[in-house]
Amino acid sequence: MDAKSPVGIKLESTSDSSVLCDDTNNCIDEMLSEMQQQDRAKQKAVANHTAVTDQHMRQEEHDENAFYNIHSVLPKTLKMRTGESDIVLEPKLASRLYVASNLQYDRTMMNRADVWHQVIVHHENGCSKAKILEALFAKFSYGDFFPVAYRRYINVDFFLLRMCHQVMVKLFEDELKLKVGQLELALSVRLGVARFQTGQIFPRQTIAKAVQERCDNAAQYGSSNLLNLDSFAEHVCLQELCINLGNRAQFEVVCSAIVQAINDNSCINTLRLSNNSISHISVLASAKSLRLVSLDLRGNRIKHPSSLRMLKQMPLMELYVSGNNLTEVPDYEKVLHSTFPDLLKLDTSLTRSTVTKLTHILDDEEEEEVEITSPGTLITETDMNVTAFQRYNMTPHWHKLTVQHNGVCNKQDILDALFNLLGKHMFFPCYYKTYSKEDEFLVQNCYDALLVLVRQRLKLPMPANNIVLKISLAMNVAEASDKDAQPLKKLERFVIKRFKLSCLDLCSMQTELNKCKFVDFSAKSPYTLRYIMEYAARKYGNTCLVLRLRNNELKSCEALESLARFYSLVSLDLRHNMITKITDLKGIPSNNITEVFLDNNPLCGTMHSSVAYVRIVRQFFGALRKLDGRPVLANFAHCQNYICVPEAYKFAESFVKHYFSLFDSFQRADLQELYHPKAQFSMTCDFDLDAAMPEEMMNSQQLRQASYIQHSRNLLKFKGNLDRAMPMLIVGNERICYVLTSFPKTDFDYYSFRIDVPVFTPERVMIIVHGGMREDEASSMGQNHSLGFTRTWMIQPCGMGTNLFHEALEYKITNDLLHMYDMTISGNEAFGQSSDPNTSAVDAESSMDSSINDSDDRENALIVFKQLTKLNQEWSKRCLEESSWNLKVALNVFLKLYESKRIPKIAFQHDNP
């Protein structure tokens, strides 16, 4: 009997159990048991002998204390621990040994797919295997890198590569050196050191087989619905492969295998990828169609939560991301909840998110996050000149900028500094990511802006922080596609959204541009504004009547050269910007604009007078008729003044309107309530009237002048005698009211008013009004005689209001100075020219009212209605008011009245300039 064959006893069948006695049966059982034990002992001995032999061979081959002779030409067999065919190293058949001093390699040999290449790392026992592999995978995180048969010795380590052309070329480009921390290790390469044969290890198939094994035996690794790839590199099938899923190519193979495995196993709805050094999580987007409800990504190297947006189609209810750098990003939970709205559990948080999913009204739904597929070309000192950098002029790919700030600057500080430096060039940061010590973003098609940074030696001045930040620039890190962010298209959609009723409303652009997904814009960037204006001119140049650019922090008008192509534009609003000097308006071309708003710009504070202000602004707007909402009259001596402080303007306008409304009305006695009980009133006049003339010889005009002269206390006429002047000072609100009510009834010309507020503080306000008025009595007699006046009030708070105004301060006049004089002939002729001759003072007040209180929509409707109907200001306003400011209704009313010839010719007369 063969000793190696198992022993078996064949029993004869019998129907009678009494044929053999019990002793005989027991004896047979004992013999059978003894023979089986002997057989098992022999098999165990053979197995132990084989195991000892294999272990002895492995110990001989993997002796880390042994010295490896890199110059040996003897063949060496690498035994595969995972069962694949052995690989035989044959140095004699390989190329010569390449070192740092010999980098002219054989390209043909390198490109061959039927051979293995040997990479040798010289460490002299000064660096561990783990650190070497970490440095290698950090260096080659994108390309195909599948190290096979890694062997360690006391002086060197080596591994084999096949079909990893990019990695091999990169090794030679880096002069066969590997930086590991502070160490720089030398490398040697031997091309074609072994032949590839059928049955040898094939990395991609091996990885896929390991994933499938975990799927097939899911219950053994945790649960039948769980694909557990935790610490995937430790899989028993991968002992001869160096696995690091931080390498994009390796992770792509794993993700492809995951999709195949789960598609074949409908029970699995949970995926665990923890502790795998994953950084390119966007690769997992290939599995986004899987119905996964739980994803474990703990202990990896995912830098930013936005990189998970590629997985938004997954119906995840559980997500684990602790142990990743993304948890250091501010508000990373909000980003993840907005990406996965059905998430019930994020790490240890069990509460459902109430974060509203962000809406990006300017974005195309098809836009996706850009996948960085290459480390790119890092710009070094040798590239920092115009000639060397020229080769990137026409590249359409994405480039990555990394700003190293060490936590001393935030995102907005960095963007402000970048746009301040590069605002004149096309520059749109995309996919901005914020980290604790550095920020990074991508740019595209911005060669001129990058050239400025290169000339700056990749340094970013931060004036606000008094520091200079260092920038690193990697060119061509990702290819561009149609689904990437398109900054210019976003701006075009923004312009279309902002155009309505012949008005292009570009007020406060930054607020809405901040809502754009993937792109950061700067509304005050000259290039951004120039592109917006050029696109608007092409699309709406013939139809746009009103352009509003308020609250955009504009410092100049150099980006407004496209105004020349807005052929129908009549109104331009530049309020609340940062225009500081008149030269900042030089970018404005020749135009037909009739209405301009410039108030609340620092420029207004530099003007010495309203006359100079109007004259300078007219240099840029030759057809100007209204400035800051007030008519610009031909006679500058009687035009409206322009006040630059908005609070003072509102206060003075309201007070002046209220005071003179009472003065012109039959309720002039109510002016007493506006004066402090101890207020002082002083009046002077300069009429050419002989004081000795008796009243019988005076005409009506002289009699009216005499009523003023009796209260005049002109010190020059008193020749410095204060004792005579003091009794003429009116003290007390009752006496003041008595004097004011004794004056003839008047009609003030509001369009002649010039208002100054030289003092505006919480303690006191000084208001000075220059203007003209006409007496009703003279007007009724057909006389056209006007008086000029200058009035100065000192106003102070004196308590709180009453009733509905109990929370408001109550102001009283404490000092009132009035000077009156005869108007010139031109002044008499100019009186009332700012409105229709039939327009009353009440209408003028109403006009003032509307200019103050009307909203932008009403103002816009008025401009559009005037332009379409050619009616003057008064009739246009009347039509709109009677139509409740509904432009369509007003136009219909106008057409009906026009067709029935019920509109008088005076309604079409232009407003007087």
Side-chain touch Tyr811/Phe651, heavy atoms, less than 4.5 angstrom = yes
Output field: ring centroids Phe427/Tyr527 closer than 6.0 Å | no
Determine yes or no for a side-chain-to-main-chain donor-acceptor pair under 3.5 angstrom, with Thr594 supplying the side chain and Val570 the backbone.
-> yes
With a 4.5 Å limit on heavy-atom distance, are the side chains of Ser665 and Phe660 in contact?
-> no
Are the side chain of Lys490 and the backbone N or O of Leu513 linked by a donor-acceptor pair below 3.5 Å?
-> no
Is there a donor-acceptor contact under 3.5 Å from the side chain of Asn552 to the main chain of Leu506?
-> yes
Does Thr761 reach the main-chain N or O of Arg764 with its side chain, forming a donor-acceptor pair under 3.5 Å?
-> yes
Lys555 side chain near Lys524 side chain, heavy-atom distance below 4.5 Å = no
Check for a donor-acceptor pair, side chain of Asn577 on one end and backbone N or O of Leu554 on the other, with a separation under 3.5 Å.
-> yes
Taking the side chain from Asn601 and the backbone from Leu598, do they hold a donor-acceptor pair closer than 3.5 Å?
-> yes
Of Thr790, Val757, Ile755, which is the lone residue that meets side chain to side chain contact (heavy atoms under 4.5 Å, CB included) with Ile768?
-> Thr790
Quick one: does Val519's side chain get under 4.5 Å of Phe521's, heavy atoms only?
-> yes
Side chains of Met773 and Met820 in contact at under 4.5 Å (non-hydrogen atoms) = yes
Separation between CG (Leu418) and CG (Leu453), nearest 0.5 Å, reads 7.0 Å
Option passing ring pair (Phe, Tyr, Trp, His ring centres under 6.0 Å) with Phe499 (candidates Tyr535, Phe566, Tyr540) = Tyr540
Shortest non-hydrogen contact between Lys745 and Asp664, atoms and distance | CE-O, 3.7 Å
Are Phe789 and Val769 side-chain neighbours, meaning at least one heavy-atom pair lies under 4.5 Å?
-> yes
About how many Å separate OH of Tyr432 and CG of Leu401, when rounded to the nearest 0.5 Å?
-> 10.0 Å
Could you check if a side-chain atom of Phe620 sits within less than 4.5 angstrom of a side-chain atom of Val596, using non-hydrogen atoms only?
-> no
Atom CG of Asn393 and atom OH of Tyr447: how far apart are they, to the nearest 0.5 Å?
-> 5.0 Å
Keeping to residues at least two apart or across chains, list the side-chain hydrogen bond (donor to acceptor under 3.5 Å, both in side chains) pairs with something in residues 410-429.
-> Lys411-Asp520, Gln412-Asp416
For Glu595, salt bridge (Lys or Arg N to Asp or Glu O under 4.0 Å) partners two or more places apart = Lys626
Exercise: identify the closest heavy-atom pair between Gly423 and Pro526 = O-CD, 3.4 Å
Side chain to side chain contact (heavy atoms under 4.5 Å, CB included) partner of Ile767, the single match among Val759, Ile795, Ile813 | Ile795
Nearest-0.5 Å distance, CH2 of residue Trp875 to CZ of residue Phe894 = 11.0 Å
Counting only heavy atoms not in Asn592, do more than 12 sit closer than 6.0 Å to its CG atom?
-> no
Without swapping roles, check the side chain of Glu558 against the backbone of Gly587 for a donor-acceptor pair under 3.5 Å.
-> no
Is there side-chain contact between Cys557 and Ile579, with heavy atoms separated by less than 4.5 Å?
-> yes
Pairwise distance CZ(Arg498) to SG(Cys503) - rounded to 0.5 angstrom = 10.0 Å
Cys409 to Met462 - nearest heavy-atom pair and separation = SG-CE, 3.7 Å
Where is the tightest heavy-atom contact between Val864 and Leu501, given as atom of each residue plus distance?
-> CG2-O, 3.4 Å
Is there a donor-acceptor pair closer than 3.5 Å between any side-chain N or O of Asp756 and the backbone N or O of Pro758?
-> no
Is there a donor-acceptor contact under 3.5 Å from the side chain of Tyr431 to the main chain of Ala485?
-> yes
